[in-house]
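Bear in mind that the values here come from a model prediction, so they are computed numbers and not experimental data.
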Amino acid sequence: MKTSFIAALALFAAPALAETPVEVEFTYDLAEVQSEADFVKLETSFRNQARSACAYAAPLTRATVVDHDCVEQAMDQAFKQLATTLDNARDVALNTVDGAQ
């Protein structure tokens with residue numbers, strides 16, 4: 001089952017350092033994370049989603065710039081949400097096992 005959640009953060013676009021609100025919608029399928037290699041793929045997917053959301057065009061050159069602080073904030077929120085999801089799934093599984101006994 002695909003799961004999505006939104007991380008809300010701020011992008012500071014240089015040179016004015018004007019704060020721009022950014023939302024990253026992370027999408028993943030927990031059933032597809034069965035090994036360490038799958039987790040690495042998930043991390044890469046989260047990072048790509050965050051980099052895409054935290055990128056902006058530089059004012060003079062129009063070159064794409066990635067706000068790395070924004071990416072790290074997004075990754076932090078993503079993994080906190082993922083940990084909560086895993087904890088909830090574990091609790092449901094434990095309650096199901098306890099209830100079946």
### Query
Considering residues at least two apart in sequence or located in another chain, which fulfil the salt bridge (Lys or Arg N to Asp or Glu O under 4.0 Å) criterion with Asp87?
Arg90
### Query
To the nearest 0.5 Å, what is the distance between CD (Gln77) and CD (Gln81)?
9.5 Å
#### Entry: For Ser45, side-chain hydrogen bond (donor to acceptor under 3.5 Å, both in side chains) partners two or more places apart
Gln49
#### Entry: Nearest-0.5 Å distance that lies between atom CG in Leu86 and atom CG in Leu82
4.5 Å
### Query
Which heavy atom of Val65 sits nearest a heavy atom of Ala58, and at what distance?
CG2-CB, 3.8 Å
## Note on the structure
Hits for side-chain hydrogen bond (donor to acceptor under 3.5 Å, both in side chains) against Lys41, two or more places apart or cross-chain, chain-then-number order -> none
### Task
Go through the structure and list residues passing side-chain hydrogen bond (donor to acceptor under 3.5 Å, both in side chains) with Asn48, not counting sequence neighbours.
none
### Message
Contact between Asp76 and Lys80 at the side-chain level, heavy atoms closer than 4.5 Å - yes or no?
### Response
yes
### Query
To the nearest 0.5 Å, what is the distance between OH (Tyr56) and CG (Asp67)?
6.0 Å
### Query
Does Asp38 have any salt bridge (Lys or Arg N to Asp or Glu O under 4.0 Å) partners at least two apart in sequence or in another chain, and if so, which?
none
### Task
Kindly indicate whether the side chain of Phe79, heavy atoms from C-beta on, has any atom under 4.5 Å from the side chain of Leu42.
no
### Task
Indicate the atoms forming the closest heavy-atom contact of Cys54 with Val71, along with that distance.
SG-N, 3.6 Å
#### Entry: Non-neighbouring partners of Glu72 that pass side-chain hydrogen bond (donor to acceptor under 3.5 Å, both in side chains), sequence neighbours left out
Arg47
### Task
Search all heavy atoms of Met75 against all heavy atoms of Phe46 and return the closest pair with its distance.
SD-C, 3.7 Å
#### Entry: Flag side-chain contact, heavy atom, 4.5 Å: Glu25 against Thr27
yes
### Task
Return the minimal non-hydrogen interatomic distance between Val66 and Arg51, and the atom names on each side.
CG2-NH2, 3.9 Å
